[in-house]
Chemist: 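A single structure is presented below for examination.
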Amino acid sequence: MARKKIGLYSEGSNLNYNHQLYVELGNEELMCLAKNEDTGEVDAFELFSLDKGVKDDWNDIFYEVKSASQIFNHTFKQVFCYFNIEDSLLIPEKLLTATSAEDYLNLVYGESNRHEVKYEKLLATKVFINAYRIRKSITELLNRQFIIYQSGHTYSNILNDVMRRPRIDEHFIKVQFYTHHFIIAVWKEERFQLIQSFKYHQAEDVLYYILRVTQQFDFDPDFTILEISGLVDPDGNIYSQLSRIFKHIKPDTIEQPTGIFKESLAEYPAYYLAPFYKLIL
């Protein structure tokens, strides 16, 4: 079952062929937004919650999204699809061969003939290749929906965003929240260490994983910069408990937001929708 959580639309905007479509697909959410290529403004944004059971088919889920969406039923000049999935590994480019990526993924996540492997070079570092795999049923679905699309991975977007910055704090942890999972990325002395996804159901789960990572890299919570972004309530239990442990919590920001993202700041804190906005940068 797909349920629309957020729908933001510019008044009087007419989605047409000059708009670009951005889609982020995960196990729990599907995001889509339309960006006007001429003006650079985001004219429409939708976030769907996917309550997908074991027997639910992706085709049925996608049909429900299209039925409730005011974006999907238009034709777009360009389509970009990002996959927010955990079957991903960062491989040094010098170790990548025609078969090594699939071998590494099988070793870590188990062998599967129901997935296909994709590659993506990190633009900010040019050292790592993000090798990830997605279900063939999803790629077949997207191929039926779009004549052609460019694919990417959410991990790559997070890493490019941080690594492009002039300076990264000595002990830096970025946590990006979604409905029931979060992505954590770690830098120590400006060197990238880790990016991984964790599922959670309550605040204690989040604290456990973040503190475990903090101990693993010998970080002192009093001196660690914890950057927060995504779907976490600023007045909720998770944010409150993290604030008790980490003295330096830094909410992510949206620099020079355009279109409906600029208007959304009246209703949502900037960090709440920042992960989605940064997919278009």
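Since we're looking at a predicted model, the values are computed, not measured.
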Chemist: Using a strict 4.0 Å threshold on nitrogen-to-oxygen distance, state whether Lys136 and Glu116 make a salt bridge.
Modeler: no

Chemist: Would you confirm whether Glu190, through its side chain, and Glu170, through its main-chain N or O, come within 3.5 Å as a donor-acceptor pair?
Modeler: no

Chemist: Do the charged groups of Lys278 and Asp252 touch, with an N to O distance under 4.0 Å?
Modeler: yes

Chemist: So, are Glu227 and Arg165 salt-bridged, with charged N and O less than 4.0 Å apart?
Modeler: yes

Chemist: Look at the rings of Tyr82 and Tyr22 and say which category their plane angle falls in: under 30° parallel, 30 to 60° tilted, over 60° perpendicular.
Modeler: parallel

Chemist: Yes or no on salt bridge (charged side-chain N to carboxylate O under 4.0 Å, His left out) for Lys121 and Glu93, after CA distance, side-chain angles and deciding distance?
Modeler: CA-CA 9 Å; Lys121 181 176 286 189; Glu93 188 170 9; 3.3 Å; yes

Chemist: Looking at Met1 and Ile61, what are the two nearest heavy atoms and their distance?
Modeler: N-CD1, 3.1 Å

Chemist: In the hydrophobic cluster built from side-chain contacts under 4.5 Å, what are the other members alongside Val117?
Modeler: Leu89, Ile91, Leu95, Leu96, Tyr104, Leu105, Val108, Tyr109, Tyr119, Ile129

Chemist: Using modelled atom types only, decide if a donor and an acceptor are shared between the side chain of His74 and the backbone of Ile71 within a distance under 3.5 Å.
Modeler: no

Chemist: Mind checking side chain to side chain donor-acceptor pair (under 3.5 Å) for Asn59 and listing every partner two or more places apart, or none if nothing turns up?
Modeler: Asp57, Arg144

Chemist: Phe72 vs Phe62 aromatic rings, parallel, tilted or perpendicular, using cut-offs 30° and 60°?
Modeler: perpendicular

Chemist: When you measure from the side chain of Asp220 to the backbone of Asp222, do you find a donor-acceptor pair of N or O atoms at a distance under 3.5 Å?
Modeler: yes

Chemist: Indicate whether any N or O donor in one side chain lies under 3.5 Å from an N or O acceptor in the other, for Gln145 and Lys66.
Modeler: yes

